[in-house]
Amino acid sequence: MEKYFGDELEQEKNKTHIIGNDDVNSPMYRNSTGYKAEIEDGKIKKLVAHFYLNG
């Protein structure tokens, strides 16, 4: 698979999603955010956040 999707697989490793909840005391209250990072030499060079409506 790496032969065909190598670059895409590498990019997927730098993506994450945080799904919050409806507890007003939660640090991630109603947070539905996706993050995509560009990492170079172990340091984040660019971070893009996508915010989604949760409920």
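Under the rule for a side chain to side chain contact (heavy atoms under 4.5 Å, CB included), Asp41 has no partner lying at least two apart in sequence or in another chain. With sequence neighbours left out, the side chain to side chain contact (heavy atoms under 4.5 Å, CB included) criterion links Val24 to Tyr29. Take Lys45 and apply the side chain to side chain contact (heavy atoms under 4.5 Å, CB included) test, not counting sequence neighbours, and it matches Glu40. Applying the side chain to side chain donor-acceptor pair (under 3.5 Å) rule to Thr33 yields the partners Asn31; only residues at least two apart in sequence or on another chain are considered.
Taking each heavy atom of Ile44 and Leu47 in turn, the nearest pair found is CG2-CB, 4.2 Å.
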